[in-house]
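For reference, the structure is listed below as structure tokens.
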Amino acid sequence: MQEKFTKTTEQNSHYNNLEQMSVSELLHNINNEDKTVPLAVEQAIPQIEKLVATIVEKMKLGGRLFYIGAGTSGRLGIVDASECPPTFGVPANWVNGIIAGGDAAIRKAVENAEDNTQQAWLDLQVHNINSNDVVIGIAASGTTPYVLGGLEQCNQNNITTGCITCNQGSPLALVAQYPIEVVVGPEFVTGSSRMKAGTAQKLVLNMISTTTMIKLGRVKGNKMVDMQLSNDKLVDRGTRMIMEEIAVDYQTAQQLLLQYGSVRNAITNFKTK
């Protein structure tokens, strides 16, 4: 099945003799390749839109979002999931990142973890996965057995599936109900899909989670009004948001923020006094 399509992410780099290039040449050439990624993402927006609309609908019914992946793809899913609670003030279980090999694989590669076709489904079952949830498989190649097996099991259990891949017509895109294909072409270093493919996946994940949270009411105007106040920088940012909204001085705004715990609650309670 994997031979029936062309893995453009594995094709030979447009550049050669990299070791003979100067630092400046290397940096400029990498940057030139990176410039093509947003254009590739743009081509996939209709696919992204369909998946996001489904995620919003499911989450309004109490569903959750899961990312599954191996290696770089798995780590990118974990990064996006872990940033949703502090950014949007949502419960930690709303968006979940699962990586082949478990948490140890976040920092260090776990040998053969991505080759197990059954493990993703077992990992999802730990979270009591159900038909209200959405599972997105992330795999630049579109052939990762861990991800493929997970989505196949989800399909069999009436769980909505999507994917983010960087090869067109891959086995993963054929399995996912809502495939997203961002075709970025060969990498600067041949086969190093942590580069353009990784950048594309990160951009798409940003779009998915941010748009979903906005549609779920977690942003007001253009502000993160539900963000967690986990450090001084965010307390200062929240204080200034309140100052803009209700025209009070810095000290008053900060007192309101610390009293009510979020920008949204501070503004709401001030206005209802």
Side-chain angles (χ1 to χ4, degrees), residues 1-15 33-55 65-77 80 98-100 113-121 124 134-208:
M1 181 168 61
Q2 295 181 10
E3 285 73 35
K4 291 182 180 178
F5 79 106
T6 300
K7 288 187 186 179
T8 54
T9 55
E10 301 289 335
Q11 289 184 330
N12 207 32
S13 172
H14 296 310
Y15 304 81
E33 288 296 299
D34 287 344
K35 288 174 185 177
T36 69
V37 176
L39 298 177
V41 172
E42 182 180 20
Q43 295 300 309
I45 286 178
Q47 294 178 321
I48 302 170
E49 181 180 359
K50 290 177 183 177
L51 178 55
V52 170
T54 300
I55 295 168
L65 176 59
F66 289 85
Y67 301 130
I68 60 172
T72 297
S73 297
R75 295 182 190 103
L76 288 168
D80 193 73
I98 298 174
I99 186 171
E114 71 174 56
D115 297 327
N116 189 326
T117 59
Q118 303 301 314
Q119 190 60 48
W121 179 243
L124 288 165
V134 178
V135 177
I136 299 176
I138 312 171
S141 67
T143 60
T144 307
Y146 176 87
V147 179
L148 276 167
L151 291 201
E152 286 170 352
Q153 289 285 340
C154 288
N155 287 339
Q156 292 170 21
N157 287 273
N158 196 33
I159 297 166
T160 301
T161 57
C163 77
I164 306 170
T165 180
C166 295
N167 286 310
Q168 194 164 31
S170 70
L172 184 60
L174 296 176
V175 167
Q177 297 164 21
Y178 295 92
I180 296 170
E181 298 169 303
V182 185
V183 183
V184 296
E187 296 287 2
F188 180 73
V189 176
T190 299
S192 182
S193 56
R194 72 183 186 88
M195 300 186 76
K196 287 194 298 182
T199 300
Q201 290 170 331
K202 175 59 174 166
L203 290 175
V204 174
L205 288 165
N206 284 347
M207 295 167 80
I208 290 172

Measuring only between side-chain heavy atoms, which start at C-beta, is [X] closer than 4.5 Å to [Y]?
{"X": "T199", "Y": "V184", "result": "no"}
{"X": "V182", "Y": "L203", "result": "no"}
{"X": "L76", "Y": "D80", "result": "no"}
{"X": "I159", "Y": "L124", "result": "no"}
{"X": "L151", "Y": "C163", "result": "yes"}
{"X": "Q177", "Y": "T54", "result": "no"}

Taking every non-hydrogen atom, the tightest pair across [X] and [Y]:
{"X": "Q168", "Y": "F5", "value": "O-CD1, 3.5 Å"}
{"X": "A200", "Y": "C166", "value": "CB-SG, 4.3 Å"}
{"X": "A140", "Y": "S193", "value": "CB-CB, 3.9 Å"}
{"X": "T143", "Y": "P171", "value": "CG2-CD, 3.9 Å"}

Measure from the side-chain N and O atoms of [X] to the backbone N and O of [Y], and report whether any donor-acceptor pair falls under 3.5 Å.
{"X": "S13", "Y": "T190", "value": "no"}
{"X": "T144", "Y": "Y146", "value": "no"}
{"X": "K196", "Y": "P186", "value": "yes"}
{"X": "T161", "Y": "A176", "value": "no"}
{"X": "N167", "Y": "T8", "value": "yes"}

Could you measure the distance from the [atom1] atom of [X] to the [atom2] atom of [Y]? Nearest 0.5 Å is fine.
{"X": "H14", "Y": "E187", "atom1": "NE2", "atom2": "CD", "result": "10.0 Å"}
{"X": "I136", "Y": "I208", "atom1": "CD1", "atom2": "CD1", "result": "4.0 Å"}
{"X": "K202", "Y": "I164", "atom1": "NZ", "atom2": "CD1", "result": "11.0 Å"}
{"X": "I180", "Y": "Q43", "atom1": "CD1", "atom2": "CD", "result": "14.0 Å"}
{"X": "L172", "Y": "E181", "atom1": "CG", "atom2": "CD", "result": "9.0 Å"}
{"X": "E10", "Y": "S141", "atom1": "CD", "atom2": "OG", "result": "7.0 Å"}

Tell me every residue that passes ring pair (Phe, Tyr, Trp, His ring centres under 6.0 Å) with Y178, counting only those two or more places apart in sequence or in another chain.
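Counting only residues at least two positions away or on another chain, Y178 forms no ring pair (Phe, Tyr, Trp, His ring centres under 6.0 Å).
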
Please determine, by modelled atom types, if Q201 and S73 share a side-chain donor-acceptor pair under 3.5 angstrom.
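Indeed, the side chains of Q201 and S73 share at least one donor-acceptor pair under 3.5 Å.
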
